[in-house]
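These values consider heavy atoms only, across backbone and side chains, with no hydrogens, waters or symmetry-generated copies. Just so it is clear, the structure is predicted and the values come from calculations on it, not from any experiment.
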Amino acid sequence: MENFGNNSSSSVIKPDLFISDLHLCSSRPHITSAFLSFLQNTVSQSNALYILGDLFEYWAGDDDIKDAHHQPIINAFRTLAESGVKIFFMHGNRDFLISKIFCDAAKITLLNDPSLIDLHGQRALLSHGDDLCTDDLDYQAFRRQVRDPQWKKEFLSQTLQSRKEQIEAIRLRSEKEKSQKSMLIMDVNQLAVNKLIKKNHYPKLLIHGHTHRPYQHHIQLDGHSITRWVLGDWYEQGSYLRCDQFSCKAMHL
């Protein structure tokens, strides 16, 4: 647990919640149901929800928002936003094609990766985390390709069905390649983490997902103490990071 120090104020401040790597899809309806319940019962009592990438297993383009699987999720986001809960979304490696149409429909705010926020008086740096896995050279080359504006424009000009077929083929190839890679290669590179921390002037917290290795890391760098929180995935069960004015704590549904 990351302790923010004593606070004598008796006023109740709602917590901020952080999630990542839900990989929601129609083939795992129990996870989608768990997420919708989480939004209604837990997020509704919070100040803000930060989704740090890979909300969906994949996103082929905003013209897919009318999909029967996507509609209940979008409606739940909109209901939360209209009740006063702030919702923020950051692109992951699976859903970087989410754009304005989706965000407007769901009433969520798109964040840059990385983003600095004020978290109950502490500077917190948010990232999806895939950009920190610099040892995986093949993935970084692929990431640069698909994040290129021209590539995205050409890809989105194709039919939705064609895009989905291509994404499925890429996913199958990716899973095969990952099975042949070292786990260390697919984790974050500490030098890349340190570089990001320095560039952002040593924030108190670094929160990210992507690696599916939830943990609380303590970093000592140039005389500064930084806590790196890694968020868990939702393949087996839901999890989130809860931060209030006193501390951050990893939670499970």
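Listed by first and then second residue, the salt bridge (Lys or Arg N to Asp or Glu O under 4.0 Å) pairs that reach into residues 223-240 come to none, sequence neighbours excluded. Under the salt bridge (Lys or Arg N to Asp or Glu O under 4.0 Å) criterion, no residue pair touches residues 42-56, with sequence neighbours excluded. Screening residues 147-196 for ring-ring contact (aromatic ring centres under 6.0 Å, His included) gives Trp151-Phe155 as the qualifying pairs, with residues at least two apart or on separate chains. Identified under the salt bridge (Lys or Arg N to Asp or Glu O under 4.0 Å) test for residues 207-225, with sequence neighbours left out: Asp187-Arg213, Lys198-Asp222. Under the salt bridge (Lys or Arg N to Asp or Glu O under 4.0 Å) criterion, no residue pair touches residues 66-77, with sequence neighbours excluded. Applying the side-chain hydrogen bond (donor to acceptor under 3.5 Å, both in side chains) test to residues at least two apart or on different chains, the pairs with a partner in residues 108-118 are Asp113-Ser127.
No continuous path of hydrophobic side-chain contacts links Ile51 to Ile117 [ILVMFWY only; heavy atoms under 4.5 Å]. Both Leu126 and Leu231 belong to a single network of hydrophobic side chains, linked directly or stepwise wherever heavy atoms of I, L, V, M, F, W or Y lie under 4.5 Å apart. The cluster map of Ile, Leu, Val, Met, Phe, Trp and Tyr, joined by side-chain heavy atoms under 4.5 Å apart, puts Phe102 and Phe35 in the same cluster. In terms of hydrophobic clustering, with Ile, Leu, Val, Met, Phe, Trp and Tyr side chains grouped at heavy-atom distances under 4.5 Å, Ile207 and Leu111 are assigned to a common cluster. Leu241 and Leu39 end up in different hydrophobic clusters when Ile, Leu, Val, Met, Phe, Trp and Tyr side chains are linked at under 4.5 Å.
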I'd like to know whether His69 forms a side chain to side chain contact (heavy atoms under 4.5 Å, CB included) with Leu24, so could you lay out the CA-CA distance, the side-chain angles of the two residues, the decisive distance to 0.1 Å, and finally the verdict. CA-CA 9 Å; His69 176 256; Leu24 301 179; 4.0 Å; yes
Can you list the steps and then say if Glu57 with Arg28 is a salt bridge (charged side-chain N to carboxylate O under 4.0 Å, His left out)? CA-CA 10 Å; Glu57 179 69 7; Arg28 298 165 62 237; 5.1 Å; no
Do Tyr235 and His212 pass the ring pair (Phe, Tyr, Trp, His ring centres under 6.0 Å) test, and can you show the C-alpha distance, the side-chain angles, and the key distance before you say yes or no? CA-CA 9 Å; Tyr235 278 120; His212 301 185; 5.6 Å; yes
List the steps, then state whether ring pair (Phe, Tyr, Trp, His ring centres under 6.0 Å) holds for Phe89 with Phe77. CA-CA 11 Å; Phe89 170 78; Phe77 281 145; 8.6 Å; no
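For His128 (side chain) and Leu52 (main-chain N/O), a donor-acceptor pair under 3.5 Å exists by modelled atom type. With hydrogens and angles disregarded, no donor-acceptor distance shorter than 3.5 Å links the side chain of Arg94 to the backbone of Asp21. The backbone N or O of Ser247 lies less than 3.5 Å from a partner atom in the side chain of Asp244, making a donor-acceptor pair. Here the side chain of His91 pairs a donor or acceptor atom with the backbone of Ile98 at under 3.5 angstrom. A donor-acceptor distance shorter than 3.5 angstrom exists from the side chain of Trp234 to the backbone of Ser239, with no hydrogens or angles considered. Remark: the backbone N or O of Arg171 is not paired with any side-chain donor or acceptor of Ser174 at under 3.5 angstrom. Put simply, the side chain of Asn41 gets close to the backbone of Ser37: a donor and an acceptor are under 3.5 Å apart. Under a 3.5 Å cut-off, the side chain of Ser162 and the backbone N or O of Gln158 do not form any donor-acceptor pair. Distance alone, capped at 3.5 Å, is enough to place a donor-acceptor pair between the Asp95 side chain and the Gly92 backbone. Although no hydrogens or angles enter the test, the distance criterion places a donor-acceptor pair under 3.5 Å between the side chain of Ser157 and the main chain of Glu154.
Counting only heavy atoms from C-beta outward, the side chains of Thr227 and His218 approach each other to under 4.5 Å. Side-chain contact check for Lys249 versus Met251: some heavy-atom pair is nearer than 4.5 Å. Within the 4.5 Å cutoff, the side chain of Ile19 has heavy atoms near those of the Phe38 side chain. Lys153 is not listed as a side-chain neighbour of Pro149, based on a closest heavy-atom distance of 4.5 Å or more. Looking only at side-chain heavy atoms (C-beta outward), Trp59 and Phe96 stay at 4.5 Å or farther from each other. No side-chain heavy atom of Asn75 sits under 4.5 Å from any side-chain heavy atom of Ile73. Taking 4.5 Å as the limit, some side-chain heavy atom of Ile170 sits within range of a side-chain heavy atom of Arg173. Looking only at side-chain heavy atoms (C-beta outward), Asp16 and Tyr50 come within less than 4.5 Å of each other.
In the hydrophobic clustering (ILVMFWY side chains linked at under 4.5 Å, chained through shared members), Leu196 is joined by Leu116, Leu125, Leu132, Val188, Val193, Ile197, Tyr202, Leu206, Ile219, Leu221, Ile226.
Residues passing the salt bridge (charged side-chain N to carboxylate O under 4.0 Å, His left out) test with Arg78, sequence neighbours excluded: none. A search for side chain to side chain contact (heavy atoms under 4.5 Å, CB included) contacts involving Gln237 returns His252, not counting sequence neighbours. Not counting sequence neighbours, the partners of Gln140 by the side chain to side chain contact (heavy atoms under 4.5 Å, CB included) test are Asp131, Cys133, Arg143, Arg144. Contacts of Asp148 classified as side-chain hydrogen bond (donor to acceptor under 3.5 Å, both in side chains), with partners at least two apart in sequence or in another chain: none.
Taking each heavy atom of Asp63 and Leu160 in turn, the nearest pair found is OD1-CD1, 3.9 Å. Residues Arg242 and Pro15 approach most closely at NH2-CG, 3.6 Å, considering heavy atoms. Residue Gly209 comes nearest to Ser20 through the heavy atom pair CA-OG, 3.6 Å, listed as atom of the first residue, atom of the second, then distance. Contact record, Leu36 with Ala76: CD2-CB, 3.8 Å, taken as the closest heavy-atom pair.
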Side-chain donor-acceptor pairs under 3.5 Å in residues 80-88, sequence neighbours left out?
residue : atom : partner : partner atom : Å
Glu82   : OE2  : Lys107  : NZ           : 3.1
Ser83   : OG   : Leu80   : O            : 2.6
Lys86   : NZ   : Asn47   : OD1          : 2.9

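In this structure, the ring of His23 has its center no less than 6.0 angstrom from the ring center of Phe56.
Ion pair Asp64/Lys164 flagged as a salt bridge, since at least one NZ, NE, NH1 or NH2 atom sits closer than 4.0 Å to an Asp/Glu carboxylate oxygen.
Counting non-hydrogen atoms of other residues, nucleotides and ligands closer than 6.0 Å to CD of Gln40 gives a total of 12 or fewer. Around the NE2 atom of His30, the shell of radius 6.0 Å holds more than 12 heavy atoms that belong to other residues, nucleotides or ligands.
Defined by atom type and a distance below 3.5 Å, a donor-acceptor pair is missing between the side-chain atoms of Asn93 and Asp130.
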